[in-house]
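In this text, all values refer to a predicted model and were calculated from it rather than measured experimentally.
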Amino acid sequence: MPKTFEEFPGVEWVEGAGEFIKIDEDKCNGCASCVKVCLAGCYGISKKKARIKSLEKCMECAACWFVCTEGAIDFSWPPGGTGYRSDWG
Ligand code: SF4
Ligand code: SF4
């Protein structure tokens with residue numbers, strides 16, 4: 001059964017997307033751009049490094065990957081395009 005969240009009307013998440021974002025701690029400089037850009041609140045900073053708090057609400061927008069100037073975020077869309085579905089395509 002797909003999950004929905006009140007703060008994202010028109011979007012539903014499909015289970016089983018797996019781990020599709022990884023952070024390379026050696027490259028991360030702790031700038032927090034990923035934290036600021038992520039509307040789903042997936043990131044946090046701990047000990048001057050980005051951490052994934054939870055990918056539960058991730059919309060697979062790849063904005064975090066795009067803003068990371070250090071190339072510290074390894075992003076790959078979940079196999080089969082699972083993760084979330086929206087009403088607008
Ligand atoms: S944007 Fe990149 S370098 Fe900056 S905190 Fe996030 S992962 Fe680290
Ligand atoms: S892909 Fe988008 S929603 Fe998912 S963690 Fe990155 S910025 Fe957040």
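A pairwise comparison of heavy atoms in Cys28 and Ile23 identifies CB-CG2, 4.4 Å as the closest pair. In terms of heavy atoms, Ile73 sits closest to Cys68 at CD1-CB, 4.0 Å.
No side-chain heavy atom of Lys36 sits less than 4.5 Å from a side-chain heavy atom of Tyr43. Using a 4.5 Å cut-off on side-chain heavy atoms (C-beta onward), Thr4 and Val11 make no contact. Counting heavy atoms from C-beta on, the side chains of Lys3 and Glu56 come closer than 4.5 Å. Taking the side chain as every heavy atom from C-beta outward, Phe8 and Met59 approach each other to under 4.5 Å. Here the side chains of Val37 and Trp65 are not in contact, with every heavy-atom distance at 4.5 Å or above.
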message: Using the rule given for side-chain contact (heavy atoms from CB on, under 4.5 Å), can you reason through Ile21 versus Asp74, listing the C-alpha separation, both sets of side-chain angles and the distance that settles it, and then say yes or no?
response: CA-CA 6 Å; Ile21 297 176; Asp74 179 14; over 6 Å; no
query: Yes or no on salt bridge (charged side-chain N to carboxylate O under 4.0 Å, His left out) for Arg51 and Glu25, after CA distance, side-chain angles and deciding distance?
result: CA-CA 9 Å; Arg51 313 279 177 197; Glu25 281 196 14; 2.4 Å; yes
Worked verdict on Phe20 versus Glu60 for side-chain contact (heavy atoms from CB on, under 4.5 Å): CA-CA 9 Å; Phe20 53 92; Glu60 303 164 28; 4.0 Å; yes
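Legend: residues meeting side-chain contact (heavy atoms from CB on, under 4.5 Å) with Lys27, ordered by chain and number and at least two apart, are Asp24, Ala72.
Remark: side-chain polar atoms of Lys48 are not paired, donor with acceptor, to backbone N or O of Asn29 under 3.5 angstrom. Side-chain atoms of Trp13 come within 3.5 Å of backbone atoms of Cys58 as a donor-acceptor pair (strictly under, hydrogens ignored).
Between the CZ atom in Phe75 and the SG atom in Cys61 there is a gap of 7.0 Å [rounded to 0.5 Å]. We find the NZ-OG distance between Lys57 and Ser54 to be 8.0 Å, quoted to the nearest 0.5 Å. If you take NZ on Lys22 and CD1 on Ile52, they are separated by 11.0 Å, rounding to the nearest 0.5 Å.
Taking a 6.0 Å sphere around CZ of Phe66, one finds it holds 12 or fewer heavy atoms contributed by other residues, nucleotides or ligands.
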